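One structure below.
Since this is a predicted model, take the numbers as computed values, not measurements.
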Amino acid sequence: PQDRPLVVYAGPAPLRQAAIAAVAERTAVRTVDNPCPDGRKPNPGALRAELALLQLALAPGKGSALPTIREWCGQRLLPLPLALLNAYSRPGVSVLAVDVGSQVTALVHTGLGAHLVLQGCGLGQGAAGLLAAVGPARIQRWLTSRLGEDDIADWAANRGLRPWLACEDERSCELEFAFAREALGQARAAACLAWPEAGLQEGSLPKADVIVGGGAVFSSAHPAASAALALLDGLQPVGICRLAVDWLGLAPAFGALAQANPEAVRSALERDDITVLGTLVAPMGQGRPGREALLVEGEGIQGARLSCAVA
């Protein structure tokens with residue numbers, strides 16, 4: 001009986017009690033709202049949230065300690081993606097937030113209420129899995145100096161054993177951002193498959209007003225320009241939006257605290273933690289070889305006029 005799986009019922013509400021009665025004596029049952037009650041427009045937010053909580057509760061080595069940890073935290077314990085949704089949700093503002101961690105990469109979109117987590121896709125314990133998924137050639141393309149496959153594999157293995165290590169030199173920083181770009185790329189590809197309700201263009205993420213990068217690789221220890229380039233290369237956003245980073249890494253913790261005082265958390269994040277890197281303008285369309293595709297005009301800090309034609 002202990003090996004029987006937990007059942008999550010997300011079907012039609014009129015059949016809920018009958019479904020519970022059919023299996024309740026043999027296994028535990030949890031219920032959530034039907035993700036597509038009208039058969040037309042899916043709304044899987046409640047189901048995703050329930051599955052994320054179950055993942056946290058049933059993770060190997062964590063389940064037995066979870067009640068104690070929840071008690072220590074005043075019951076304000078959330079999986080990473082739900083914490084990010086709480087932290088970045090703003091009325092009238094859609095935020096696409098990514099957190100590249102040691103073992104996992106999480107991606108959320110507040111406008112859709114959607115989130116996903118890629119296991120074994122990170123810069124520490126997940127580095128070897130990420131390298132196996134993308135291959136060394138995908139890492140090498142982001143490096144200014146040629147590194148052999150063995151050198152890249154050694155770096156990933158070392159990070160798996162010592163995920164807390166900071167970059168020691170320029171080569172280590174390049175490798176870290178190369179892995180970060182590929183982790184972001186994996187998250188982008190997964191979102192295009194997992195979020196059909198967004199009506200995405202092929203290979204493009206849903207548009208957002210703000211894109212926020214999180215995780216140690218986007219912290220204040222690294223240059224802002226490197227963080228911005230990694231977000232652009234990995235996520236390949238289109239449209240007009242602001243780029244920002246969670247430079248102190250507080251968003252996950254604040255997201256859990258937002259259950260108690262959301263306004264205070266949002267104020268603290270905006271004032272002390274979130275650093276805006278700049279505004280992104282990334283047009284998308286069909287062009288012709290050799291023909292002018294875009295004319296960019298702007299004004300410099302001291303009033304100088306700038307003009308550039310893009311072919």
* **Connected hydrophobic set around Leu229, excluding itself, where side chains approach under 4.5 Å** => none
* Does any N or O in the side chain of His109 come within less than 3.5 Å of the main-chain N or O of Lys207, such that one atom is a donor and the other an acceptor? -> yes
* To do: Kindly indicate whether the side chain of Val238, heavy atoms from C-beta on, has any atom under 4.5 Å from the side chain of Pro283.
  => no
* Any Val210 side-chain heavy atom under 4.5 Å of Val276 side chain -> no
* Side-chain (Glu182) to main-chain (Leu130) donor-acceptor, under 3.5 angstrom -> no
* Please report the C-alpha distance between Arg242 and Leu280 in whole Å, then the side-chain angles of each, then the deciding distance to 0.1 Å, and finally whether the side chain to side chain contact (heavy atoms under 4.5 Å, CB included) criterion is met. => CA-CA 6 Å; Arg242 287 181 294 167; Leu280 168 70; over 6 Å; no
* Asked: Do Thr110 and Arg90 have side chains that get closer than 4.5 Å, going by heavy atoms?
  -> no
* **Salt-bridge present (Arg266, Glu263; N to O < 4.0 Å)** => yes
* Asked: Are Val93 and Ile274 connected in a single hydrophobic cluster, I mean Ile/Leu/Val/Met/Phe/Trp/Tyr linked by side-chain heavy atoms less than 4.5 Å apart?
  -> yes
* May I have the step-by-step check of side chain to side chain contact (heavy atoms under 4.5 Å, CB included) for Val100 and Leu123, ending in yes or no? => CA-CA 7 Å; Val100 183; Leu123 305 183; 3.7 Å; yes
* Under a single-linkage definition using a 4.5 Å side-chain heavy-atom cutoff for Ile, Leu, Val, Met, Phe, Trp and Tyr, are Val32 and Tyr9 assigned to the same hydrophobic cluster? -> no
* Asp246 side chain vs Gly214 backbone, donor-acceptor pair below 3.5 Å -> no
* Can you tell me if Asp273 uses its side chain to pair, donor with acceptor, with the backbone of Leu248 under 3.5 Å? -> yes
* Asked: How many angstroms lie between atom CG of Leu306 and atom CD of Glu297, to the nearest 0.5 angstrom?
  -> 10.0 Å
* Asked: Are Val29 and Val8 linked, directly or through other ILVMFWY residues, by side chains that come within less than 4.5 angstrom of each other?
  -> no
* Joint cluster assignment, Leu143 & Leu232, ILVMFWY side-chain distance < 4.5 Å -> yes
* Any ring-ring contact (aromatic ring centres under 6.0 Å, His included) involving residues 228-257? Give me the pairs, sequence neighbours left out, ordered by first then second residue. => none
* Using modelled atom types only, decide if a donor and an acceptor are shared between the side chain of Asp209 and the backbone of Ser94 within a distance under 3.5 Å. => yes
* Structure fact -> residues 287-311 vs ring-ring contact (aromatic ring centres under 6.0 Å, His included), sequence neighbours excluded, gives none
* Just by modelled atom types, is the Leu147 backbone N or O under 3.5 Å from a matching donor or acceptor in the Gln140 side chain? -> yes
* Asked: Can you check whether Pro79 reaches Leu82 side chain to side chain, under 4.5 Å on heavy atoms?
  -> yes
* Flag the pair Ser204 / Met284 as yes when at least one side-chain heavy-atom distance between them is below 4.5 Å, and no otherwise. => yes
* Thr105 side chain to Leu118 backbone, donor-acceptor under 3.5 Å -> no
* Is the number of heavy atoms from other residues, nucleotides or ligands under 6.0 Å of Glu168 CD greater than 12? -> no
* CZ-CZ distance between Arg181 and Arg141, expressed to the nearest 0.5 angstrom -> 9.5 Å
* **Residue pairs passing the side chain to side chain donor-acceptor pair (under 3.5 Å) test where at least one lies in residues 284-295, sequence neighbours excluded** => none
* **Of all pairs that satisfy ring-ring contact (aromatic ring centres under 6.0 Å, His included), the ones with a partner from residues 120-176, not counting sequence neighbours** => Trp155-Phe179
* Asked: Are Pro237 and Leu205 close enough that some pair of their side-chain heavy atoms sits under 4.5 Å apart?
  -> no
* Arg188 side chain vs Gly234 backbone, donor-acceptor pair below 3.5 Å -> yes
* Asked: Do you know which of Leu80, Leu107, Leu85, Leu84 makes side chain to side chain contact (heavy atoms under 4.5 Å, CB included) with His115?
  -> Leu85
* **Contact list for residues 216-246, test ring-ring contact (aromatic ring centres under 6.0 Å, His included), sequence neighbours left out** => Phe177-His222
* Asked: Less than 4.5 Å apart, any side-chain heavy atom of Glu149 and any of Asp151?
  -> no
